[in-house]
Amino acid sequence: MKFGLFGGAQAVPGEVVTEAALGYHEYGDYIRLAEKLGYSSAWLVEHHFTGFSQLSATLNYISYLSGITSKIRLGSAVVVVPWHNPVLLAEQIATIDQLSKGRYDFGIGRGYRANEFHGFGMDMGDAQDIFEESVALLKRSFTETDRWSYKSDRWTFNDIIVEPPVVQKPYPPMWVGAGSEASIRNVARNDFNLLLDQMSPFEAIGDKIRVYREELETLGKTYDPERVAVTRGMMVANNDNQRADAHILRGKFISEVQVLSKDKSQGPKAFSPVGNSGDTDGISENGAVLGDSDEMGERVERLRDQGVHTILLHDLSGSSEALQQFAEEVMPKFADDSDTVRAAE
Amino acid sequence: MKFGLFGGAQAVPGEVVTEAALGYHEYGEYIQHAERLGYTSAWLVEHHFTGFSQLSATLNYISYLSGITSKIRLGSAVVVVPWHNPVLLAEQIATIDQLSKGRYDFGIGRGYRANEFHGFGMEMADAQDIFDESVALLQRSFTETERWSYKSDRWTFNDIIVEPPVVQKPYPPMWIGAASEGSIRGVARNGFNLLLDQTSSFEQIGEKVQFFREELDAMGQEFDANRIAVTRGLMVADDAQAREAAHTLRGKFLTEVQSLATDPKFQSKAFVAPDRYKKKRDPFQMSEAGAILGNAQEMGERVQALHDVGIRNILLHDLSGSFDNLQQFAEEVMPHFGDSDDKAAQAAE
C-alpha cells in the first residue's frame, strides 16, 4: 500500500482555513520530512483569486520541490487546463519531468469554480471543449518528434517542436479527478488515472472504484489498482480532546469549501466537490483517517478492503508529529510485496 | 563590482552550440558552485521551438534553482512577455519571488525571433503593443491589494486578486535588454533597468551607458550603475592554444545566433532584424574587442576596461560550462575588483 500527501501552501497566513496550514518554505520542509519517513508522493492544489494567498503557480512550486527532494513523487491536483496555453503548459510539464527525473504525476481538471472562470474572463460552458482540445494538444506536444502545426478557433501553432522531451514515456501519467458515476466512466474511457475525493464515505469509494474497473474492463483494458488514488483527511487524535479539535478544524475547512463552491455571487453554475452536507463531523467519522494509531490502521484497512492501494493524506494541522506518528505506527502494517521490491532497489 | 552568470541549460546535448553547455541538473550544480565562489547572480534565457532542447519553461527552471541555492540572485534574460497570459505570468513571478525569498530579477522582452512569433500564431507587428499592455497588467497585479477588473480586445479579467504577494516591493526589479540608442533611452524613460548585450565592444558599451545616463539626467534622476548589467563572453585561455579553442567554440555560437536571427525561412514580413544582426560580423573580432578573454591578468584588464566605462555588473557567459574556469576567474580576477562598498555591505549583513 502507498501513502502520499495532498495539500498546498499559503504564502501569507490568514483566518480562513484552507487546505494549507504551512508557508511555502515550511511546507517544503514538511514534504522533505515526509520523503524521509517513506511517504511516496505529494500532490498540490492550484487555486486562483481566492484572496487567501493559496498556491496559484503550482507548477512553479513543484519545480521548487523537484530541487529539494529526490525520491518522493510530485503531483498536481489539479492543474486546471482551460486557463493555460497548452503549448506553454506542455513545456512546463516536460521541464518538471526533467527536473524531477521522471517523478511527476500530471493531475489535470477542467475546473469547477465559477469565480475562477469569471476571473479569467472565460465562459464555464466552454470548459469541457477547451479541456478536450488542450489535452489532445498536450499529448501531441509530448509525443511528436517532428515539427507540427495546428489551427482551430482557439489556438494556432505553426512549425513547432515542443521541448524539452519528457522523461516518462510517452508522457507523465495523467490523472483526472471525478466524483459522479458518469464522470468516472468517462475518465476510464479516456484512459486517464483516477483521483477520488476526500469526503465520500469508505463504502462510496468502493463503489466508485468498481465503476472505474467495470468501465475499463468493458473496454477490454486491464484494471490496475495503482491507477486510482484516494484523498483522505488525516486527523491524528490520541484522545477525546484531540478528536474534538480535529473535528472543529476540519469542519471549518469543509464548510468553507462548500461555501466557496456554492457562492451565488461567484456564478450560477456552482458545483461543490465536497457535497452539501452540513454534518461535517459525520463526513470525517465516515471517511477520514481518524483517531489514534490503532483506529487509523482500522480505517486504512477499510479502504484497502474497498480496493484502494494509494491514499493521499491531507492533514489540515500541518503537524510534523502527526506525519511521523502515522509513518511509524500505521504505515508498517501495510508494507506489502511491492514495497519490499522498492526497498530492495 | 559584481559578477554574475548568463546562460541556459540543455536537456538533451546536441550538435548545435547553444548558450548552454550543460544539462538541467549539471547546470544547477554549476550555479551552486558559482554561489559558493561569490558570483552574485545567474540569469537564464528563454527559447521556444528551436529543436535544440533549450530552456523553454525558464520560470520553472528558476523555481528549481530557488530550492537548491540560498544567496545568489536569479534572473530571467529574458521572459518574452507577449507569449504569456499576464495574470498567470504575474502569479509565476510572485511565486518565484516567494520561493527565492526576494532573490528574483525579472528580465523581460517583447521578443525578436520571427520563428517564435510564428510558432505561437502571433503577429510580430503586435509585439510592442502586447508588451506594453501586459507590463501594465503585471505591475497592477503586483501592486493592487483590492479586487480589480480589466477588459480590452485581448484580455478580460473580472474581480481578480493576484496571489501570492511579491516579496520585493513594489515588485521584483524589471530589466529590459536594449541595443540601439533609441531603445536604451526608452528603457530609462520607462523606469526599467538595462541589460546590455554580449557582442558590442567595450567602447560601444561605454556609449550605451552614456545614453542611459543622459536620459536619466534629462529627467532629473540620479544615475545608478547598479541598474545596468552587461553580458560578456567568458573565455578563459591560459595559452595560445586554449585561446584558439575558445575562439573556435565562441565563433560557432555567434555564427549560429546570427543565422537563427536572420534565417529567411523563419522570417515573417513584419520582421526587421535588429541592427546588430543586419551585417554579419567577424566572431573573432567580436570576442577580441568585447569578451573577457585570456589568462587571469588579461581578463582583469578587460574587466578594468568595462569598469572604466561605468560598468559595475558583468554577467559572464562561458560556453564551455567549465567549473575550473568559473573557479579560476573567481579566485584570480574577482578579488582585484572587490570594492569598499561590496565589502562594507557584506560585512554588515
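Here is the naming used below: chain letters follow the sequence lines, and residue numbers restart at 1 for every chain. Below, each value reflects all heavy atoms present in this structure, side chains not excepted, and no hydrogens, waters or symmetry copies.
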Requested in this report: Tell me, yes or no, whether the heavy-atom count around A:Lys252 atom NZ, taken from other residues, nucleotides or ligands under 6.0 Å, exceeds 12.
Outcome: no
**Report entry** B:Lys169 atom NZ: more than 12 heavy-atom contacts under 6.0 Å
**Finding:** yes
**Report entry** Residue pair A:His118 / A:Arg113, side-chain donor-acceptor N/O under 3.5 Å
**Finding:** no
**Report entry** Among the listed options A:Ser56, A:Gly67, A:Ala11, the residue most often paired with chain B at heavy-atom distances under 4.5 Å
**Finding:** A:Ser56
Requested in this report: Name the orientation class of the two ring planes belonging to A:Phe120 and A:Phe49 (parallel below 30°, tilted from 30 to 60°, perpendicular beyond 60°).
Outcome: tilted
Query raised in the report: Is it the side chain or the backbone of B:Ile96 that comes within 4.5 Å of chain A heavy atoms, both, or neither?
Result: side chain
Query raised in the report: Most heavy-atom pairs under 4.5 angstrom with chain B, which of A:Thr50, A:Ile93, A:Val162, A:Leu65?
Result: A:Thr50
**Report entry** Polar contact flag, side-chain donor to acceptor under 3.5 angstrom, B:Ser76-B:Tyr104
**Finding:** yes
Query raised in the report: Of the listed residues (B:Val167, B:Ile68, B:Leu88, B:Asp159), which shares the most heavy-atom pairs with chain A below a 4.5 Å separation?
Result: B:Leu88
Report summary line: Note: vs chain A, highest number of non-hydrogen pairs under 4.5 angstrom among B:Gly51, B:Ser63, B:Pro165, B:Ala94 is B:Ser63
Query - Which atoms of A:Gln10 approach chain B - backbone, side chain, both or neither, heavy atom under 4.5 Å - result: neither
Requested in this report: Measure distances from B:Asn60 to the heavy atoms of chain A and classify the residue's part below 4.5 Å as side chain, backbone, both or neither.
Outcome: both
Query - Electrostatic pair B:Arg73-B:Asp105, nearest N-O below 4.0 angstrom - result: yes
Requested in this report: Examine the side chains of A:Thr69 and A:Arg103 and answer whether a donor and an acceptor come within less than 3.5 Å of each other.
Outcome: yes
**Report entry** Top of A:Gly121, A:Ala57, A:Pro164, A:Gly119 for chain B proximity - count of heavy-atom pairs under 4.5 angstrom
**Finding:** A:Gly119
Query raised in the report: Which bit of A:Tyr150 comes within less than 4.5 Å of chain B, counting heavy atoms only: side chain, backbone, both or neither?
Result: neither
Report summary line: Highest number of heavy-atom pairs under 4.5 Å with chain A among B:Ile160, B:Leu99, B:Ile161, B:Thr156 belongs to B:Leu99
